[in-house]
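Atoms considered below: every heavy atom in the structure, side chains included; atoms not considered: hydrogens, waters and symmetry mates. Note that the coordinates shown come from a computational prediction; the quantities given were computed from them, not determined experimentally. Throughout, protein chains are lettered first and strands after them, A, B, ... in sequence-line order, and every chain is numbered starting at 1.
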Amino acid sequence: MIIENSNFILEHIASSGQCFRMNKIKEAEFSVIAGGKVLLLKQLEEQKVLLSCSEKDFKEFWKDYFDLDYDYEGIVGGLVTGEDEFLKKAAAYGYGLRILKQELFETLITFIISQRKSIPAIKRCVEELCQRFGERKTDTAANMVYYTFPSPESLGKAGKEALREAGLGYRDEYVRQTALAVAKGDIDLDCLKTLSYEEALKELMKLPGVGIKVANCVALYGLHQIDAFPVDVWIDRILKDIYSNKFDVTIYNGYAGIVQQYMFYYIRSL
DNA sequence: TACCAGGGTTCTA
DNA sequence: TAGAACCATGGT
């Protein structure tokens with residue numbers, strides 16, 4: 001099926017460092033694995049995308065996953081015509097970026113893995129985990145064999161050696177213990193969705209390997225707390241070098257996380 | 001070959 | 001309480 005939507009550029013979303021299982025297949029064509037499904041996408045025009053799924057799957061899952069009901073055009077347009085010179089350039093450069101609504105457990109584990117790793121290394125590591133501990137599936141429409149993201153149970157009972165072989169390094173125990181906590185019900189991920197931003201951060205940071213930065217990424221990409229503003233080494237450089245540590249995030253109340261995403265994407269291109 | 005990566009935890013002063 | 005040291009591994 002074909003959908004038309006403004007501010008939806010696959011190239012930018014796939015390389016924005018918020019999801020690690022969206023890959024470029026060839027020019028303008030991408031695959032993404034989420035929710036136990038695989039989807040192929042092709043950018044036909046700036047506002048036109050071809051999807052391999054049925055209309056039913058689109059309505060029930062992918063539309064929400066790509067947050068297609070939210071008006072990014074208004075926000076990004078506001079930044080482009082705003083007064084902040086850096087954000088003007090960032091918004092123009094990253095036009096088409098959206099904040100995905102990813103599954104909570106996958107977001108939690110992948111961002112625990114992300115610490116002190118480059119994006120290509122994270123993607124490789126996540127794929128390795130899926131192949132070792134996920135479920136093997138075949139999609140006839142996409143003509144693809146793929147692996148789902150592992151369940152909390154399968155990661156919780158994974159051996160330390162197997163996790164090391166997947167390239168987790170010292171994060172192996174973080175992943176195992178966190179997966180175990182979810183599997184045993186020591187933390188109720190669904191319950192996090194009912195909490196405020198601050199309360200959710202507090203709960204997330206009780207988990208091993210989850211500090212303030214990872215918790216903010218989980219809040220933004222997994223809980224869709226759109227005001228979350230994760231500060232990693234790149235954002236930290238911007239706050240210091242561009243804004244002399246005087247950046248006022250409260251100006252962007254209601255969409256700070258989107259601002260953060262455009263900053264991150266732009267600074268990495270420089 | 002060095003250096004760095006969407007950091008967190010623990011130790012030390 | 002703030003800052004330094006340490007952690008394992010892949011990409012460039």
Ring-base stacking, A:F264 with B:dG6 (5.5 Å, 30° cut-offs)
yes
Does anything in residues 113-123 of chain A reach DNA chain B, meaning a heavy atom under 4.0 Å, and if so which residues?
A:S114, A:Q115, A:R116, A:K117, A:S118, A:I119
Write down the distance between CG (A:N216) and C1' (B:dG6), rounded to a whole number of angstrom.
12 Å
A:D232 CG - B:dC4 P separation (whole Å):
15 Å
For the residue pair A:N216 and A:F229, establish whether any side-chain heavy-atom pair is separated by less than 4.5 Å.
no
Taken to the nearest whole Å, CG/A:L108 to P/B:dG6 is 19 Å
Main-chain N/O of A:Y70 paired with A:R98 side-chain donor or acceptor, under 3.5 Å
yes
Any base atoms under 4.0 Å from A:V231, or only sugar-phosphate, or nothing? Heavy atoms, all strands.
nothing
Over-ring placement of A:K37 relative to A:F61, 6.0 Å and 45° cut-offs
yes
Measuring from atom CD1 of A:I235 to atom NZ of A:K213, what distance do you get when rounded to the nearest 0.5 angstrom?
9.5 Å
Considering heavy-atom distances to DNA chain B, does A:M205 or A:R268 have its closest nucleotide positioned more toward the 5' end?
A:R268
Euclidean distance, atom CG of residue A:L204 to atom P of B:dT9 [Å, nearest integer]:
12 Å
Does atom NZ of A:K88 have more than 12 heavy-atom neighbours, drawn from other residues, nucleotides or ligands, at distances under 6.0 Å?
yes
Atom pairs, N/O to N/O, protein against nucleotides 1-3 of chain C, distance under 3.5 Å?
none

Using a distance-only criterion (donor-acceptor N/O pair, under 3.5 Å, no hydrogens), is the base of B:dG6 paired with the side chain of A:Q261?
yes
Between the side chain of A:E103 and the main-chain N/O of A:F105, is any donor-acceptor distance below 3.5 Å?
no
Could a donor-acceptor pair under 3.5 angstrom be found where the side chain of A:Y174 meets the base of B:dG7?
no
Is A:E55 atom CD crowded by more than 12 heavy atoms from other residues, nucleotides or ligands, each under 6.0 Å away?
no
Quick check on A:D248: does its CG atom have over 12 non-hydrogen neighbours (other residues, nucleotides or ligands) under 6.0 Å away?
yes
Using atom P in both nucleotides, what's the gap between B:dG6 and C:dG3 to the nearest angstrom?
25 Å
Tell me: NZ of A:K213 to C1' of B:dA5, nearest whole Å?
10 Å
Is the backbone of A:L100 close enough, under 3.5 Å, to the side chain of A:Y65 for a donor and an acceptor to pair up by distance?
no
Minimum-distance nucleotide (side-chain atoms of A:I212 versus B:dG8, B:dG7, C:dT9)
B:dG8
Looking across every strand, which nucleic acid part, if any, lies under 4.0 Å from A:E173 by heavy atom: base, sugar-phosphate, or nothing?
nothing
How close or far is atom P of B:dG7 from atom CG of A:L207, stated in whole angstroms?
18 Å
Specify the separation, in whole Å, of atom CZ of A:R171 and atom P of B:dG7.
9 Å
Within residues 8-23 of chain A, find the residues that approach DNA chain C with a heavy atom at under 4.0 Å, and present them sorted by residue number.
none
Would you kindly give the CD1-to-C1' distance between A:I235 and B:dA5, to the nearest whole Å?
15 Å
Using heavy-atom distances to pick each residue's nearest nucleotide on DNA chain C, tell me which of A:R164 and A:R124 is more 5'.
A:R164
If only atom types and distance count, is the side chain of A:S269 paired as donor or acceptor with the main-chain N or O of A:Y266 below 3.5 Å?
yes
Please confirm whether the backbone N or O of A:E11 pairs with a side-chain atom of A:S15, one donor and one acceptor, at under 3.5 Å?
yes
C:dA5 pairs with, by Watson-Crick or G-U criteria that keep both distances under 3.5 Å:
B:dT9
What's the closest nucleotide to the A:Y170 side chain, out of B:dT9, C:dG11, B:dG7?
B:dG7
Can you tell me if A:N23 uses its side chain to pair, donor with acceptor, with the backbone of A:S31 under 3.5 Å?
no
Is it true that A:I267 and A:Y243 fall in one hydrophobic cluster, defined by side-chain heavy atoms closer than 4.5 Å?
yes
